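Sequential numbering from 1 along the given sequence is applied to the chain's residues. Counting convention: from 1, in listed order, for ligands and their atoms alike. The shown structure was predicted, so the numbers you read here are calculated from the model rather than taken from an experiment. Basis for what follows: all heavy atoms, side chains included, without hydrogens, waters or symmetry-related copies.
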Amino acid sequence: MTKAAVLGSGSWGTAFAKVLAEAGTDVTMWARRAEVADAIANTHENPFYLPGTQLPDSLAATSDHVAALDGADIVVLAVPSQSLRANLEGWSDSIGKNATLLSLAKGIESGSLLRMSQVITQVTGADPSRIAVLSGPNLAREIAARQPAATVIACSDSARAIDVQKSCATGYFRPYTNSDVIGCEIGGACKNVIALACGMASGIGLGENTIASIITRGLAEMIRLGVALGAKPATLAGLAGVGDLVATCSSPLSRNRSFGHVLGEGGSMERAQEAAHGQVAEGVKSCTSVRSLADSYDVEMPLTDSVHRVCHEGMSVQEAVGKLLGRQTKPE
Ligand SMILES: NC(=O)c1ccc[n+]([C@@H]2O[C@H](COP(=O)([O-])OP(=O)(O)OC[C@H]3O[C@@H](n4cnc5c(N)ncnc54)[C@H](O)[C@@H]3O)[C@@H](O)[C@H]2O)c1
Ligand SMILES: O=P(O)(O)OC[C@H](O)CO
């Protein structure tokens with residue numbers, strides 16, 4: 001039986017641990033706070049991040065990472081992007097030498113501008129062939145409710161991708177393999193920024209034409225950056241690109257879209273943060289790192305730039321809209 005450790009018991013860590021357990025994998029979750037681990041282990045619910053969802057009895061939980069990692073074939077990294085490095089530094093020595101490291105995080109590290117798989121290689125020294133990424137239209141609450149969804153598992157080693165695929169395939173969760181790690185990571189990081197832009201647009205009362213235009217031009221930005229970094233355009237036209245863009249930009253369940261909506265309504269960053277109830281909206285930090293990454297490759301990303309200006313430079317959403325539409329006209 002495949003054994004997995006899920007490190008991080010937030011909404012997606014919990015929902016994905018449930019998927020793994022329901023696919024027949026032996027799963028132990030790690031939570032930073034003992035009260036979260038105790039609630040999962042004793043009540044089979046995570047009242048802090050996924051209240052109301054019954055978790056499988058077989059799902060074990062602990063706040064001791066050494067115990068969680070003991071014998072794990074698959075190590076699932078389910079903490080926010082900006083905290084992955086610090087967490088991983090504490091976990092690295094306890095990770096099995098041949099374990100597959102599966103990243104669930106959708107962001108680009110601030111400062112270093114590294115993708116999550118690059119952070120993992122840097123901290124653990126693991127060969128890139130051991131690192132996999134899972135990304136797709138996977139809103140945690142819908143997956144926890146067993147609503148059908150598909151995802152992508154990207155790994156340069158196809159045998160490992162297939163092992164991970166088998167560990168999480170269920171009657172409602174359909175994972176596809178892909179060898180394009182860069183494409184999946186860029187898709188996941190960029191769609192959060194574009195979802196913030198869609199939320200801002202809906203917050204100031206704009207309708208579906210505007211949202212569709214932002215999604216489509218956001219996709220163009222994502223493809224330009226991805227291709228510059230070596231991604232395949234087909235990956236970005238798939239679940240980890242278009243699929244996740246559509247889900248995140250359209251759903252009120254998205255934390256990124258909701259965060260942007262509060263800003264569009266005229267709320268402050270602090271107000272938007274409060275409304276997120278302690279959950280991460282990755283695009284808020286990644287808009288800056290994605291913008292810097294794009295600059296370093298001379299890639300134009302005007303929507304991403306506008307999201308950064310609204311979130312971090314005090315530009316109003318109305319001003320950002322005016323600035324975007326005032327740009328020189330050009331062919332599609
Ligand atoms: N929630 C979703 O629907 C969803 C779906 C797909 C991917 N993701 C991605 O998965 C990653 C994790 O998201 P989530 O939804 O589980 O987040 P969350 O905010 O719900 O939970 C974050 C978890 O990480 C833990 N953590 C450990 N160290 C931390 C630190 N230093 N700072 C903050 N939290 C810390 C928290 O305790 C918590 O258990 C993100 O990159 C997110 O973009 C989320
Ligand atoms: O709630 P969000 O905005 O972090 O999005 C969640 C997932 O990434 C959707 O696939």
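- Close contacts between ligand 1 and Leu139 involve ligand atoms 3 (O) [criterion: under 4.0 Å to a heavy atom].
- The line from SG of Cys287 to CG of Asn192 is 10.5 Å long, rounded to the nearest 0.5 Å.
- Under 4.0 Å from ligand 1, the heavy atoms of Asn87 that appear belong solely to its side chain.
- In this structure, Glu22 pairs ionically with Lys18, as a charged nitrogen and a carboxylate oxygen lie closer than 4.0 Å.
- Between the side chain of Thr25 and the backbone N or O of Ala21, no donor-acceptor pair lies under 3.5 Å.
- Residue Asn178 holds its CG atom at 11.5 Å from OG of Ser156, rounded to the nearest 0.5 Å.
- Between the CD atom of Glu265 and the CZ atom of Arg271 there is a distance of 8.0 Å, given to the nearest 0.5 Å.
- Close approach of ligand 1 to Val280 is summarised as follows: ligand atoms under 4.0 Å from at least one heavy atom of the residue are 17 (O), 19 (O).
- Within the 4.0 Å heavy-atom criterion, both parts of Trp12, backbone and side chain, lie near ligand 1.
- Among all protein heavy atoms, the one lying closest to atom 33 (C) of ligand 1 is Arg32 NH2, 3.8 Å.
- Annotation: atom 20 (O) of ligand 1 to nearest protein heavy atom, Ser11 OG, 2.8 Å.
- Checked by atom type, the side-chain pair Ser129/Asp157 shows no donor-acceptor distance below 3.5 Å.
- Of the protein's heavy atoms, Tyr49 OH, 3.5 Å lies nearest to atom 38 (C) of ligand 1.
- For CZ of Arg174, the number of neighbouring non-hydrogen atoms (other residues, nucleotides, ligands) closer than 6.0 Å is 12 at most.
- Side chain to side chain, Arg291 and Thr304 fail the donor-acceptor criterion of an N or O pair below 3.5 Å.
- In summary, of the residues considered (Ile120, Val133, Leu134), a side chain to side chain contact (heavy atoms under 4.5 Å, CB included) with Leu77 occurs for Ile120 alone.
- If you number the atoms of ligand 1 from 1 as listed, the ones under 4.0 Å from a heavy atom of Ser9 come out as 39 (O).
- Salt-bridge annotation for Arg327 and Glu300: present, with a side-chain N of the basic residue lying under 4.0 Å from a carboxylate O of the acidic one.
- When the shell of 6.0 Å around OH of Tyr172 is examined, it contains more than 12 heavy atoms from other residues, nucleotides or ligands.
- Among protein heavy atoms, the minimum distance from atom 12 (C) of ligand 1 is reached at Ala78 O, 3.9 Å.
- Listed by number with element, the atoms of ligand 1 under 4.0 Å from a non-hydrogen atom of Ala140 are 1 (N), 2 (C), 3 (O).
- Around atom CD of Glu313, more than 12 heavy atoms belonging to other residues, nucleotides or ligands sit under 6.0 Å away.
- Taking every heavy atom of Gly13 and a limit of under 4.0 angstrom, the matching atoms of ligand 1 come to 16 (O).
- Of the protein's non-hydrogen atoms, Val79 CG1, 4.0 Å is the one closest to atom 25 (C) of ligand 1.
- Checking Arg257, Lys106, Lys191 against atom 5 (O) of ligand 2, the nearest heavy atom belongs to Lys191.
- The protein heavy atom nearest to atom 21 (O) of ligand 1 is Gly10 CA, 3.1 Å.
- Summary of contacts: the protein heavy atom closest to atom 22 (C) of ligand 1 is Pro80 CD, 3.8 Å.
- Electrostatic pairing of Lys3 and Asp26 does not count as a salt bridge here, judged by no charged N lying under 4.0 Å from a carboxylate O.
- Residue-environment remark: CG (Asn209) stays at or below the threshold of 12 foreign heavy atoms within 6.0 Å.
- Each of the following atoms of ligand 1 lies closer than 4.0 Å to a heavy atom of Lys106: 6 (C), 7 (C), 41 (O), 43 (O).
- Judged by the shortest distance from any of its heavy atoms, Gly107 lies outside the 4.0 Å radius around the atoms of ligand 1.
- Listed by number with element, the atoms of ligand 1 under 4.0 angstrom from any heavy atom of Asn138 are 3 (O), 5 (C), 6 (C).
- Side-chain atoms of Gln82 and Ser110 form a donor-acceptor pair, as typed in the model, at a separation below 3.5 Å.
- Other residues, nucleotides and ligands contribute at most 12 non-hydrogen atoms within 6.0 Å of the CG atom of Asp298.
- At the top of the distance list for atom 4 (O) of ligand 2, counting protein heavy atoms only, stands Arg255 NH2, 3.0 Å.
- Residue contacts with ligand 2: Ser251 is excluded, as none of its non-hydrogen atoms falls under 4.0 Å.
- Heavy-atom proximity to Gly136, at under 4.0 Å, picks out these atoms of ligand 2: 10 (O).
- Contact annotation: Arg255 has at least one heavy atom less than 4.0 Å from an atom of ligand 1.
- Contacts with ligand 2 closer than 4.0 Å are made by side-chain heavy atoms of Thr248 only, the backbone lying farther away.
- Summary of contacts: the protein heavy atom closest to atom 10 (O) of ligand 2 is Asp244 OD1, 2.6 Å.
- Distances below 4.0 Å separate heavy atoms of Asn256 from the following atoms of ligand 2: 2 (P), 3 (O), 4 (O).
- Nearest protein heavy-atom neighbour of atom 40 (C) of ligand 1: Glu282 OE2, 3.2 Å.
- Distances below 4.0 Å separate heavy atoms of Leu104 from the following atoms of ligand 1: 7 (C), 9 (C), 10 (O).
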